[in-house]
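Each remark here refers to the structure printed beneath this line.
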Amino acid sequence: MTADHRVGPPSLGDERETLRAFLDYHRATLAMKCEGLTDEELRQRSMPPSTLSLLGLVRHMAEVERAWFRRVFEDHDAPMVWSDRIDFQAAYDASASTRAEAFGAWEAEVETSRRIEREAASLDLAGHQPRWGEDVSLRMVMVHVLLEYGRHNGHADFLREGVDGTVGA
């Protein structure tokens with residue numbers, strides 16, 4: 001992996017600034033875990049029968065960003081990126097995917113998520129989570145997505161170690 005250029009969250013930031021910074025830190029962590037790897041290395045699976053790979057995690061997090069920002073606050077019917085139904089597992093199979101495809105989709109969803117958050121008057125903005133059939137706040141969405149990144153970045157540590165023997169950051 002290359003040098004760590006992630007920007008850590010502020011020690012004394014307000015709630016919104018802190019949530020935003022932690023999300024960006026974890027987004028940067030996933031990208032860092034994928035740096036310097038070929039498409040083939042990014043598609044390397046953890047162990048059969050799992051289809052989990054670093055590229056699969058990037059694809060999955062594109063779906064997570066879409067489901068929790070775009071579908072909640074802008075377009076409840078926006079289709080998922082890699083499935084015709086709400087199937088987050090479909091994204092894990094990156095066997096025919098490339099870095100350009102996966103990162104292109106993920107980066108586009110991250111930018112949409114950032115825009116939605118920036119344009120919101122407050123963390124109390126309510127949106128409708130169609131899968132749950134209930135309203136949720138922007139605060140809840142940011143925390144949920146942050147927890148998703150934290151969980152999956154743990155997987156990314158394991159997957160990266162399997163590719164080149166590095167120790168998790």
TODO: Return yes when atom CD of E134 has more than 12 non-hydrogen atoms of other residues, nucleotides or ligands closer than 6.0 Å, and no otherwise.
DONE: yes
Measure from the side-chain N and O atoms of [X] to the backbone N and O of [Y], and report whether any donor-acceptor pair falls under 3.5 Å.
X	Y	answer
R43	S97	yes
H128	V72	no
R59	D93	yes

Of the non-hydrogen atoms in [X] and [Y], which two are nearest, and what is the gap between them?
X	Y	answer
F73	A126	CE2-C, 3.9 Å
W82	E63	N-OE2, 2.8 Å
L23	Y149	CD2-CD1, 4.0 Å
L37	R99	O-NH2, 2.6 Å
S122	L138	O-CD2, 3.9 Å
A102	V58	O-CG1, 3.7 Å

Is the shortest side-chain heavy-atom distance between [X] and [Y] below 4.5 Å?
X	Y	answer
R115	E119	yes
F69	T112	no
D135	Q129	no
H76	R71	no
L55	D39	no

Roughly how far, to the nearest 0.5 Å, is the [atom2] atom of [Y] from the [atom1] atom of [X]?
X	Y	atom1	atom2	answer
E41	C34	CD	SG	11.0 Å
M142	L147	CE	CG	12.0 Å
R16	L123	CZ	CG	5.0 Å
R45	L54	CZ	CG	13.5 Å
R66	E74	CZ	CD	10.5 Å

TODO: Mind telling me whether W132 and H144 have parallel, tilted or perpendicular rings, with 30° and 60° as the class edges?
DONE: perpendicular
Open item on the list: Ring-plane angle category for F103 and W106, please: parallel below 30°, perpendicular beyond 60°, tilted otherwise.
Closed with: perpendicular
Task: Residues that T18 engages under side chain to side chain donor-acceptor pair (under 3.5 Å), provided they are two or more places apart - done: none
- [ ] Check side chain to side chain donor-acceptor pair (under 3.5 Å) between D77 and all other residues, then give those that pass, not counting sequence neighbours.
- [x] none
Open item on the list: Check this for me: does any side-chain nitrogen of one of E117 and R20 sit under 4.0 Å from a carboxylate oxygen of the other?
Closed with: yes
Open item on the list: Taking the basic N atoms (NZ, or NE/NH1/NH2) and the acidic carboxylate oxygens, is any pair closer than 4.0 Å for E111 and R114?
Closed with: yes
Open item on the list: Let's go through R27 and S113 carefully: what are the C-alpha distance in whole Å and the side-chain angles of both, what is the deciding distance for side chain to side chain contact (heavy atoms under 4.5 Å, CB included) to 0.1 Å, and is it a yes or a no?
Closed with: CA-CA 12 Å; R27 289 166 174 150; S113 299; 3.8 Å; yes
TODO: May I have the step-by-step check of salt bridge (Lys or Arg N to Asp or Glu O under 4.0 Å) for R70 and E109, ending in yes or no?
DONE: CA-CA 8 Å; R70 184 186 304 254; E109 291 304 324; 3.0 Å; yes
- [ ] Look at the side-chain heavy atoms of Ile, Leu, Val, Met, Phe, Trp and Tyr, link any pair under 4.5 Å apart, and say whether W68 and L19 land in one connected group.
- [x] yes
- [ ] Could you state whether L57 and V110 fall into the same hydrophobic cluster, counting links through intermediate Ile, Leu, Val, Met, Phe, Trp or Tyr residues with side-chain heavy atoms under 4.5 angstrom apart?
- [x] yes
Task: Polar contact flag, side-chain donor to acceptor under 3.5 angstrom, H60-H152 - done: yes
- [ ] For S53 and Q44, test the side chains for any donor-to-acceptor distance below 3.5 angstrom and give the result as yes or no.
- [x] no
- [ ] Any chance you could lay out the side chain to side chain contact (heavy atoms under 4.5 Å, CB included) test for M61 and E148, step after step, and finish with the verdict?
- [x] CA-CA 8 Å; M61 291 313 297; E148 284 278 332; 3.9 Å; yes
